[in-house]
There are 2 protein chains.
Amino acid sequence: MARLPVYLRSLSELHDDKIATVSSERLAEMAGVNAAKVRKDLSYLGSYGTRGVGYDVEYLSFQMSRELGLTHDWPVVIVGAGNLGQALANYGGFRQRGFPVAALVDASREKVGGYIHGVPVHHMDDLPALAADLGFAIGIIATPASAAQEVADALAAAGVRSILNFAPAVITVPEGTSLRKVDLALELQVLSFYQEHQDADEA
Amino acid sequence: MARLPVYLRSLSELHDDKIATVSSERLAEMAGVNAAKVRKDLSYLGSYGTRGVGYDVEYLSFQMSRELGLTHDWPVVIVGAGNLGQALANYGGFRQRGFPVAALVDASREKVGGYIHGVPVHHMDDLPALAADLGFAIGIIATPASAAQEVADALAAAGVRSILNFAPAVITVPEGTSLRKVDLALELQVLSFYQEHQDADEA
DNA sequence: GGTTGTGAACAAATTCACAGCG
DNA sequence: CGCTGTGAATTTGTTCACAACC
């Protein structure tokens, strides 16, 4: 159900515009999908719509936030205080959407001790203590590919059950741990594939 | 075929390890997928394997790079010189994998003129001229959500046919333009959903 | 014997289309 | 009459299993 957050974002826009109810058709348009898909997806949450009318924006938002577990903040830890890690620590979108960056962690002693964009930098070895202390449930891997698996193991060992991996490497996690990945360069490679095929079609 | 880049990365690792041939089984393990899927995917490129032996790492890499359009660099332009845009400009992974950042572009005159991490910062209005000059085919949107559609339109107007959108907004592009999106906070929201459901299962 | 390439079986996701309800 | 909720139909994607080949 990776589309729920997109619906939620659309609902939030509607709410800002003081719109009280919305049809599946309108919501589909905003989310860039098919109306039937919206109804199927929402029906999975329960029967929150009213036939002939649509969905109550506020009520649906609430139910959806509850289902997504967004009724409270989820502090996150970022492992890797390099370029990407620092950038992510400074990215306002995380805090704004309920994922404050509680700590940065790095394997290099040189980077440890200070603050980056207001976020304290700790050593990898302190991960278990930090997890207990700050109670983060989500870890973000922003290290080079070579360190990714090791970091994933350390996060899992520290009790972190959700991992978002930015390193360009395939990693495995224990049963019961959720894993998602974002490979920035991979996205560009997919685009270059389409470019190449556009060009071929034109020739 | 969003899996091809993953295979390519695995092939590159094998090449570094001086391994000349690889079976679909081994490649599947490295890429974290099923062996039959690897064979299906690769057969789409052509019959490059040898029965009883496997695939020639170097030859397959070459064919795959060609198919993906990675035989030459694709310069990219990043629109939005805020936190995220600057971070992406500084992210080594792009250049390293053949996507040099040719320019940063912003709507604010204050940011225009200098260099950020060695990348020149230009004004939005210069986009068409820059496109003609630097020949970028890929644009990265790293603006706030409110500006995303406008930027997409400007990129399309400047002849950019591939867009990677980091703004948390649904945007539309003209027919013939490729669009991919990365929503960082959305990934965390999906993870929080799984967290919530893990917890529920344990209770 | 080992491994590919692929048709056939299966599973998942999407879309259609309409009954049922407000 | 309009719009939801959902079974049925369709499409898409995955996996199996094995003949063909080295």
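Note on naming: letters A, B, ... go to the chains in the order of the sequence lines (proteins, then strands), and numbering restarts at 1 for each one.
Taking atom OH of residue A:Y59 and atom C1' of nucleotide D:dT4, one finds them 15 Å apart after rounding to whole Å. Spacing between atom CG of A:L60 and atom P of D:dC3 amounts to 16 Å, rounded to whole angstrom units. Computed from coordinates, the B:E25 CD to C:dG5 C1' distance equals 15 Å when rounded to whole Å. Rounded to an integer number of Å, the gap from CG of A:N34 to P of C:dT14 is 10 Å. In this structure, B:L42 atom CG and C:dG5 atom P are separated by 8 Å, rounded to whole Å. Rounded to whole Å, the distance from OH on A:Y55 to P on C:dC21 is 16 Å. If you measure from atom CG of B:D56 to atom C1' of C:dT3, you get 15 Å, rounded to the nearest angstrom.
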Before you tell me yes or no, could you show the steps for B:Q86 and B:I78 under side-chain contact (heavy atoms from CB on, under 4.5 Å), namely the whole-Å CA-CA distance, both residues' side-chain angles and the distance that decides it to 0.1 Å? CA-CA 9 Å; B:Q86 293 189 30; B:I78 297 177; over 6 Å; no

Given the rule in the side-chain contact (heavy atoms from CB on, under 4.5 Å) test, do A:L11 and A:L60 qualify, once you have shown the distances and angles that lead to the verdict? CA-CA 8 Å; A:L11 288 172; A:L60 186 57; 3.8 Å; yes

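Residue A:S47 places at least one side-chain N or O closer than 4.0 Å to OP1 or OP2 of D:dG5. One finds no side-chain N or O of A:T50 lying less than 4.0 angstrom from the OP1 or OP2 phosphate oxygen of C:dG22. Within the 4.0 Å cut-off from OP1 or OP2 of C:dC18, not a single side-chain nitrogen or oxygen of A:R39 is found.
The environment of CD in A:Q63 is crowded: more than 12 heavy-atom neighbours from other residues, nucleotides or ligands sit within 6.0 Å.
You'll find that the side chain of A:K37 is closest to C:dT15, out of C:dT15, D:dA17, D:dT14.
Looking at every heavy atom in both residues, A:E67 comes nearest to A:L45 through CG-CD2, 3.4 Å. Closest approach of B:P75 to B:F136, counting heavy atoms only: O-CB, 3.1 Å.
Map A:V53 and A:S43 each onto its nearest nucleotide of DNA chain D; the residue landing nearer the 5' end is A:V53. Remark on DNA chain C: of its neighbouring residues A:D41 and B:S23, the 5'-side contact belongs to B:S23, judged by nearest-heavy-atom nucleotide.
For a distance-only test at 3.5 Å, the side chain of A:R51 qualifies as a donor-acceptor partner of the base of D:dT4. Between the side chain of A:K40 and the base of C:dT15, a donor-acceptor pair under 3.5 Å is found.
Nucleic acid contact for A:R26: none, since no nucleic acid atom lies under 4.0 Å from a heavy atom of the residue. B:Y44 comes within 4.0 angstrom of no nucleic acid atom, judged by non-hydrogen atoms across all strands.
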